[in-house]
Enquirer: 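To start, I am sharing the structure in question, which I have written as structure tokens.
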Protein chains: 2
Amino acid sequence: MTNIKKDNTEEKILSAAQTVFIRKGMDGARMQEIADEAGINKALLHYYFRSKQQLFNATFESLFSKIIPNVMRMVQSDQPIEVKLEFFIENYIDVLMKNPFLPTFILKEIHQDPEFLEGLIRSSGLEPQKVVEMFKNEIEKGTIRTMDPRDLLISILSLIIFPIASKPLLSLLFFDDDPKSYNEFIEKRKATVKEFVLYSILIK
Amino acid sequence: MTNIKKDNTEEKILSAAQTVFIRKGMDGARMQEIADEAGINKALLHYYFRSKQQLFNATFESLFSKIIPNVMRMVQSDQPIEVKLEFFIENYIDVLMKNPFLPTFILKEIHQDPEFLEGLIRSSGLEPQKVVEMFKNEIEKGTIRTMDPRDLLISILSLIIFPIASKPLLSLLFFDDDPKSYNEFIEKRKATVKEFVLYSILIK
DNA sequence: CCTACTTTTGACCAATTGGTTAAACTGTTT
DNA sequence: AAACAGTTTAACCAATTGGTCAAAAGTAGG
């Protein structure tokens with residue numbers, strides 16, 4: 001079957017492209033470098049994906065869906081807010097720690113081409129409104145204090161994403177550039193963020 | 001006096017370089033584009049700054065110092081923690097709102113060349129330890145609850161920086177891509193963040 | 001006005017880069 | 001075994017890009 005070979009190469013290319021694009025960005029990445037990383041000829045890149053732009057788009061879509069957490073599970077379950085939050089925070093930090101440079105990469109490329117973003121969001125199934133609704137309900141139930149639910153969601157995302165996105169800076173400033181010490185800090189932070197948020201919003 | 005003209009051109013170049021580098025990043029920026037933006041000949045760029053790399057370094061240093069907030073004022077004053085916090089948050093949000101793409105730019109380029117960062121931090125006079133100390137004192141005084149002061153500082157920075165760095169995404173997700181609506185939100189957020197943090201750390 | 005200097009420019013260059021093409025290779029079908 | 005399809009490659013190309021250089025333009029002092 002020829003498809004086996006085809007799929008294999010295509011995957012290899014996409015995987016290599018992810019590595020290189022995340023490392024160098026769209027402009028910094030070289031087609032030759034991606035080819036080398038994939039262990040194939042450069043012309044083959046153009047055979048599967050016509051141009052650098054198209055390869056980048058395919059890569060970006062795949063990466064973008066990665067940083068979109070399974071927010072929905074947080075909405076659907078009928079666990080108390082504490083449990084939902086804990087699940088979401090731990091889960092998301094784990095995902096990001098596997099790709100610490102993903103957030104910055106996404107933000108940078110988004111800012112370079114904001115129009116491309118619209119289609120992505122629609123096709124990604126991202127529905128932040130659902131989460132906002134959930135928070136609204138909690139406020140009406142009286143479990144958390146009154147506030148703009150969008151603020152709450154954005155604050156939670158901030159507390160999770162930023163410390164990972166700024167890893168090199170924080171690592172140097174606070175952790176003596178020691179990866180282990182930084183990683184431990186982030187691991188502990190799962191609980192810290194949960195506490196920080198709950199202390200702030202819960203009506204005791 | 002020849003220096004007047006010289007300084008003038010050098011400033012024009014640096015200013016143009018900031019604009020273009022922030023917009024396109026190191027790799028995406030073109031020397032020709034910077035020259036156009038500055039209204040001068042391309043060769044003149046190399047006359048003042050030998051290479052693209054050196055022009056970038058000069059630009060980056062100047063930009064990096066911008067996002068380093070006057071943390072120190074927060075440490076020195078003997079105001080109560082609420083006031084210090086309010087001052088810091090409002091001040092920093094104002095600075096960042098003038099350059100919403102600065103944080104992402106810095107993070108991206110840092111991640112591309114982490115070694116360059118070390119020298120910068122030393123020469124920038126950035127001393128986060130001082131802030132950490134201050135928080136430690138507040139904890140010992142019993143005004144805020146016990147926690148890792150580094151966590152607190154990082155959380156505050158997260159709440160301030162991330163919502164601005166992710167402007168294009170948030171603007172699309174929550175504010176119907178309407179700049180005014182987004183700006184109002186950030187303006188309100190000054191108070192929100194302060195509340196959010198105080199609720200979380202203050203011992204009532 | 002002339003000389004010495006710095007500043008600015010247009011023309012040019014070598015290297016890099018995304019992309020193309022025609023040929024070679026592989027596996028499948030008849 | 002030959003014809004056919006999709007896959008892979010090496011060689012090549014046109015355009016871009018950072019950088020150079022010699023000459024021109026501007027400036028100041030004698």
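Letters A, B, ... are given to chains in the order of the sequence lines, protein chains preceding strands, and every chain is numbered from 1. Every value quoted in this text rests on a predicted model; they were computed, and no experiment measured them.
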Enquirer: Taking the six-membered ring where the residue is Trp, are the ring centres of A:Tyr92 and A:Phe88 under 6.0 Å apart?
Expert: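 Distance test on ring centres: under 6.0 Å, yes.
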Enquirer: Tell me whether B:Asp148 is salt-bridged to A:Arg189, with the criterion being a basic N under 4.0 Å from an acidic carboxylate O.
Expert: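 Judged by the 4.0 Å cut-off on N to carboxylate O distance, B:Asp148 and A:Arg189 do not form a salt bridge.
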Enquirer: Which is it for A:Tyr47 and A:Leu44 under the side-chain contact (heavy atoms from CB on, under 4.5 Å) test, yes or no, and what are the steps along the way?
Expert: CA-CA 5 Å; A:Tyr47 177 76; A:Leu44 206 52; 4.1 Å; yes
Enquirer: Between B:Tyr47 and D:dT20, is there a side-chain N or O to OP1/OP2 distance below 4.0 Å?
Expert: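 B:Tyr47 to D:dT20 OP1/OP2: no side-chain N or O under 4.0 Å.
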Enquirer: Does A:Phe21 have its ring centroid less than 6.0 Å away from the ring centroid of A:Phe56?
Expert: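 Yes: the rings meet the under 6.0 Å criterion.
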Enquirer: Will you find, in the side chains of B:Asn57 and B:Glu61, an N or O donor that is under 3.5 Å from an N or O acceptor?
Expert: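 B:Asn57 vs B:Glu61: no donor-acceptor pair found between side chains.
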Enquirer: Starting at OH of A:Tyr48 and ending at C1' of D:dT9, how long is that distance when rounded to a whole Å?
Expert: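 About 13 Å, once rounded to whole Å.
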Enquirer: Regarding B:Arg30 and B:Asp36, does a basic nitrogen lie under 4.0 Å from an acidic carboxylate oxygen?
Expert: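 Not counted as a salt bridge, because no side-chain N and carboxylate O are separated by less than 4.0 Å.
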Enquirer: What's the CD1-P distance between A:Ile40 and D:dA10, to the nearest Å?
Expert: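 For the pair A:Ile40 CD1 and D:dA10 P, the rounded distance is 12 Å.
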Enquirer: What is the per-nucleotide protein-contact pattern of nucleotides 16-21 of chain C, from the 5' end, where B denotes a base atom under 4.0 Å from a protein heavy atom, S denotes such proximity for sugar-phosphate atoms only, and - denotes neither?
Expert: -SBBBB
Enquirer: Can you measure B:Phe49 atom CZ to C:dT7 atom C1' for me and round it to whole angstrom units?
Expert: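 Value for this atom pair: 15 Å.
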Enquirer: Whole angstrom is fine here: how far is it from CG in A:Leu45 over to P in D:dT9?
Expert: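 Computing the A:Leu45:CG to D:dT9:P distance gives 10 Å.
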Enquirer: Strictly below 4.0 Å: does A:Thr9 bring a side-chain N or O up to OP1 or OP2 of D:dT7?
Expert: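 Looking at the OP1 and OP2 atoms of D:dT7, neither is under 4.0 Å from any side-chain N or O of A:Thr9.
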